[in-house]
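Working notes, structure below.
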Amino acid sequence: MSHTSGVRQAQKAKTRRALMDAALRLLEDQSLSSLGLREVTRAVGVAPAAFYRHFRDLSDLGVTLVEECLGSLNHMIRAILADQDGDEERIDATVEAVAEHVRRYPAHIRFIARERHGGVRAVREAIAAELGGFADEVAAAFAPSLSPEGWPPEDVRMLAELYVDHMVMTATAFLEAQAAGRGVPGAGPRVGQGEPGAVQEEARGQEVIGAGRPGPLADPREARPGRSEDERRVAATARKQLLLISLGRRHWRDG
């Protein structure tokens, strides 16, 4: 590759990255279905025609964002499944990893939470496909311990889907809690704008399942520096839910 060609490729990659980053920023306040192509190119400072050198349309850009947003979460959870054997250790590692991931990549979680049930079919299908592949990997990790106990493949897959859905729900709840902890004005309604209630329903489900929990949290695992009370409650509820799933798994074949 010539020097000129290398510079051109580097500039192309830089512009593609800038378009993706600009889209994520703009999607903090709206859904993908309401986003305009010119909004994105204006934010980057390129002509609208330049967009088509990188993506076919906004749906194509959205699908690329899905792959990036869920890819990093996938790698993180895969490592936890591989490194942790005990239920409590796996639960603790999962909750802490999800919380940290949301703290580092809030725009990614916001995008997935909203667009999972959003108005762009290609993006909905891409999210479903990524989460389905994620569930396949979780099922493969669970199968060696569950198959000898008589678990049929469809039940292992069902458990894996429950695990994946819970992680998405927990990530959404952490997103809301972290925004509230920063005192973001109107954090709840703003995050769900464009697809009314989508993000809030995910987070609310995380709270409802854990209803009836005691007020003050005494678990020393929740006393993380910089973690708000709302975040501690989300973490405690997520642990209880995963423990409930674990207990149910142990007795699933009893009948």
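Below, each value reflects all heavy atoms present in this structure, side chains not excepted, and no hydrogens, waters or symmetry copies.
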Do [X] and [Y] come close enough that some side-chain heavy atom pair is under 4.5 Å?
X    : Y    : result
P106 : Q178 : no
L162 : H166 : no
M169 : D165 : no
R239 : L243 : no
R103 : F174 : no
T64  : R16  : yes

Ring pair (Phe, Tyr, Trp, His ring centres under 6.0 Å) partners of F51, counting only residues at least two apart: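 Ring pair (Phe, Tyr, Trp, His ring centres under 6.0 Å) check on F51 returns F55.
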Qualifying residues under ring pair (Phe, Tyr, Trp, His ring centres under 6.0 Å), relative to H54, sequence neighbours excluded: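 Counting only residues at least two positions away or on another chain, H54 forms no ring pair (Phe, Tyr, Trp, His ring centres under 6.0 Å).
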By salt bridge (Lys or Arg N to Asp or Glu O under 4.0 Å), which residues pair with [X], not counting sequence neighbours?
X    : value
E68  : R17
E130 : none
D60  : R56

Could you report the tightest heavy-atom contact between [X] and [Y], atom names first, then the distance?
X    : Y    : value
A180 : D230 : CB-OD2, 3.8 Å
A177 : V234 : CB-CG2, 4.0 Å
E39  : S34  : OE2-O, 3.9 Å
V46  : T15  : CG1-CG2, 4.3 Å
L58  : L35  : CD1-O, 3.1 Å
A23  : L61  : CB-CD2, 3.6 Å

Worked verdict on L131 versus R116 for side-chain contact (heavy atoms from CB on, under 4.5 Å): CA-CA 10 Å; L131 293 178; R116 188 181 185 187; 3.6 Å; yes
Counting only N and O atoms by type, is there a donor-acceptor contact under 3.5 Å from the side chain of [X] to the main-chain atoms of [Y]?
X    : Y    : result
R114 : L27  : yes
S246 : L242 : no
E100 : A97  : no
R110 : L175 : no
E115 : R124 : no

Working for side-chain contact (heavy atoms from CB on, under 4.5 Å), residues V63 and E67: CA-CA 6 Å; V63 169; E67 294 169 353; 3.9 Å; yes
L24 and F111: CA distance, side-chain angles, deciding distance, side-chain contact (heavy atoms from CB on, under 4.5 Å) verdict: CA-CA 7 Å; L24 276 177; F111 173 73; 4.1 Å; yes
N/O donor-acceptor pairs under 3.5 Å from side chains in residues 141-156, not counting sequence neighbours:
residue	atom	partner	partner atom	Å
S145	OG	F142	O	3.0
S147	OG	A143	O	3.1
D155	OD2	W252	NE1	2.9

What distance separates [X] [atom1] from [Y] [atom2], expressed to the nearest 0.5 Å?
X    : Y   : atom1 : atom2 : value
I112 : L70 : CD1   : CG    : 4.0 Å
T94  : E89 : OG1   : CD    : 11.0 Å
R42  : L26 : CZ    : CG    : 9.5 Å

Side-chain ion pair, E229 and R232, N-O less than 4.0 Å: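 Salt bridge between E229 and R232, a charged N being under 4.0 Å from a carboxylate O: yes.
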Test log, rule side-chain contact (heavy atoms from CB on, under 4.5 Å), inputs Y52 and L37: CA-CA 10 Å; Y52 296 105; L37 185 151; 3.2 Å; yes
Parallel, tilted or perpendicular: rings of H101 and Y105 (30°, 60°):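 Judged by the thresholds at 30° and 60°, the geometry between Y105 and H101 is tilted.
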